[in-house]
Amino acid sequence: MITFDKALEISLNQSITFGTEVISFEEATGRVLAESITSDMDIPPFNKSAMDGYACRRQDLALPLEVIEVIRAGVPPRKSVLPGKCSQIMTGAIIPDGADTVIKVEECSIEGSDLHPVIKFMGEKTNPNICYQGEDLRNGDIVLEAGVLLDTRHVPILATVGKVFIKVYRLPSVGVLSTGTELVEPGEKPGVSQIRNTNAYQMIAQLAKIGIDCDYYGIATDDEDITRNMISEALANNDILILSGGVSMGEFDFVPAVLQSLDINVAFKQVAIQPGKPTLFGTGRNKFVFGLPGNPVSSFFILELLVKPFIYKCMGHDWKPPVLRLRSASRIERKKSNRLSWMPVRIDSEGMVHEIEYHGSAHIFSLGSAEGIIPVPIGKTIIEEGEFVDVRSI
Ligand code: AMP
Ligand code: MG
């Protein structure tokens, strides 16, 4: 049995990327950049008014100012602002030559006639109210680095610099297969000694959330030949195969042997983690196999903790899960401490962390109200009330 950190290191070290492709920036969310993106212009591209108001010279603020033109956004100014003059200006329009300040419309009184308006600044002081050319970005500046996992926040950045086609890493193709003679699909009523197949749909949903659209291969009954045929087909069509069940020590847990017979080298099949001890990782012929524990809570955790970082790495991204340091609302005890343990938790409105009733690795209902999971390291049996814990969002 190896530690979880070792298991993660072994699998991440074997990961590969699967080439690149060019996509529209509108499809960027969830993809990983395979090129750095630079700006093709200064942003803002010109000195721009931040307000609706009057562009003038700061030294003239105390004077009545004659309005010489109206400058709209999208239309360049025609006149320079001379002493004692100003131009009415809209937010987003170019600051005219000669002006260094925009006074807000709400801080002015308007005098003179409609044809020859004159304004007077009523305030005591004002900011320039100008967004200066290049203050956000200079032409040629890097706006996004290769390896960034693109999110909705990045779409407007790509739009702003005009990068409408982007090079991203290809997504790995992922197959999912359940094992177990006892399993029936969720739409069926289980017979005596049967249960519904929870894991396949859980894994497909977890992967869909990170943008991976899996191929599902169904249920392999606990028969060595059937298991071999189904794994072999799924491996032929995918880069990564995720199996559930069949990795424990039972007489019908054929997965490790079947993988060996298909030239998949099993790097480990037991990890010192709870839940999730019977976890397998193997590779061969540029194919990768994860064998997840049969119990649904275990397979949920292992997909989050081990498979997800691996898939992100295959997508060209060094993923670090978001973690919140919060205090435990109560004392939490566990009996054994020989494995790294993960527990589902809830966070209250004060930011305190609460244990969730959890009967073990088959208790899938405990995850329904969980907002995060917390680790309890090897050797630690007690988390004191008020002690900081690292809550990882799920
Ligand atoms: P195994 O790892 O195959 O020994 O399975 C461990 C436990 O998980 C057994 O109680 C199985 O019935 C259960 N199990 C295995 N696969 C699934 C699945 N796909 N959905 C729900 N429970 C499962
Ligand atoms: Mg089984």
Side-chain angles (χ1 to χ4, degrees), residues 1-18 171-180 197-220 227-228 230-248 253-260 262-273 275-315 319 321 340 342 361 394:
M1 188 150 62
I2 58 170
T3 63
F4 175 77
D5 285 349
K6 191 74 197 164
L8 185 64
E9 183 192 318
I10 290 172
S11 53
L12 288 180
N13 280 344
Q14 308 258 13
S15 71
I16 56 172
T17 52
F18 296 92
L171 297 174
S173 56
V174 180
V176 163
L177 177 62
S178 288
T179 72
N197 177 11
T198 308
N199 294 353
Y201 299 93
Q202 172 177 270
M203 299 191 303
I204 290 167
Q206 283 174 287
L207 293 166
K209 206 170 161 183
I210 61 166
I212 302 286
D213 183 16
C214 308
D215 283 344
Y216 175 47
Y217 287 85
I219 298 165
T227 306
R228 183 180 296 104
M230 290 179 77
I231 289 181
S232 171
E233 190 202 341
L235 272 179
N237 297 325
N238 292 283
D239 303 313
I240 300 171
L241 173 60
I242 310 179
L243 299 155
S244 96
V247 183
S248 327
D253 290 329
F254 298 120
V255 168
V258 163
L259 290 173
Q260 298 282 15
L262 292 171
D263 294 332
I264 298 293
N265 236 328
V266 175
F268 54 82
K269 55 180 183 177
Q270 278 202 334
V271 180
I273 186 168
K277 186 163 114 184
T279 290
L280 173 151
F281 172 72
T283 115
R285 301 176 280 124
N286 279 348
K287 306 276 180 180
F288 303 91
V289 180
F290 287 91
L292 270 43
N295 275 311
V297 179
S298 313
S299 83
F300 182 92
F301 276 72
I302 298 298
L303 196 137
E304 284 297 318
L305 300 170
L306 189 69
V307 182
K308 205 157 132 178
F310 180 86
I311 289 184
Y312 272 133
K313 187 104 190 281
C314 292
M315 286 164 60
W319 185 66
L340 163 70
W342 283 86
S361 56
I394 50 172

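In this text, all values refer to a predicted model and were calculated from it rather than measured experimentally. For this chain, numbers begin at 1 and follow the sequence in order.
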Q: State, with a plain yes or no, whether a side-chain heavy atom of Ile231 is found less than 4.5 Å away from one of Leu241.
A: yes
Q. Judged by atom type as modelled, is there a donor-acceptor pair below 3.5 Å linking the side chain of Thr179 to the main-chain atoms of Ser244?
A. yes
Q) Are any of the side-chain heavy atoms of Phe310 and Lys313 separated by less than 4.5 Å? A) no
Q. Which pair of non-hydrogen atoms, one from Met315 and one from Pro172, has the smallest distance, and what is that distance?
A. CG-CD, 3.7 Å
**Q.** More than 12 heavy atoms from other groups under 6.0 Å of CG on Asn13
**A.** yes
Tell me which donor-acceptor pairs under 3.5 Å the side chains of residues 298-307 have, and how far apart each pair is, sequence neighbours excluded?
unit_1	atom_1	unit_2	atom_2	d
Ser299	OG	Gln202	NE2	3.0
Ser299	OG	Pro296	O	3.3
Glu304	OE1	Lys308	NZ	3.0
Glu304	OE2	Gln206	NE2	3.2

Q: Work out which heavy atom in Val297 is nearest to a heavy atom in Pro275; give both atom names and the distance.
A: CG1-CG, 4.2 Å
Q: For the pair Val255 and Lys269, evaluate side-chain contact (heavy atoms from CB on, under 4.5 Å) and give the outcome as yes or no after the intermediate values.
A: CA-CA 10 Å; Val255 168; Lys269 55 180 183 177; over 6 Å; no
Q: For residues Ser178 and Ala200, report the shortest heavy-atom separation together with the two atoms involved.
A: OG-CB, 3.4 Å
Q: Hey, could you give me the CD/CD distance between Gln14 and Glu9, rounded to the nearest 0.5 Å?
A: 11.0 Å
**Q.** Spatial distance of atom CD1 (Ile210) from atom OH (Tyr312) [nearest 0.5 Å]
**A.** 5.0 Å
Q. Taking side chain as C-beta onward, heavy atoms only, is Thr279 less than 4.5 Å from Val247?
A. no
Q: Could you check if a side-chain atom of Pro309 sits within less than 4.5 angstrom of a side-chain atom of Leu8, using non-hydrogen atoms only?
A: yes
Q: Output the distance between atom CG (Asp239) and atom OG (Ser15), rounded to the nearest 0.5 Å.
A: 12.5 Å
Q: Starting at CG of Leu177, measure out to OG1 of Thr227 and round the result to the nearest 0.5 Å.
A: 8.0 Å
(Q) Is any side-chain heavy atom of Ile2 closer than 4.5 Å to one of Ile10? (A) yes
Q. Which pair of heavy atoms, one from Cys214 and one from Leu207, lies closest together, and at what distance?
A. SG-CD1, 3.3 Å
Q: Enter the distance from Cys314:SG to Ile240:CD1 here, rounded to the nearest 0.5 Å.
A: 4.0 Å
(Q) Checking the side chain of Asn199 only, and the main-chain atoms of Gly294 only, is there a donor and an acceptor separated by less than 3.5 Å? (A) yes
**Q.** Test item: Ser173 and Asn237 side chains (from C-beta on) under 4.5 Å apart, heavy atoms
**A.** no
Validation: residues 280-290 side-chain donor-acceptor distances under 3.5 Å, sequence neighbours left out:
unit_1	atom_1	unit_2	atom_2	d
Arg285	NH2	Leu262	O	2.9
Lys287	NZ	Leu235	O	2.9
Lys287	NZ	Asn238	O	3.0

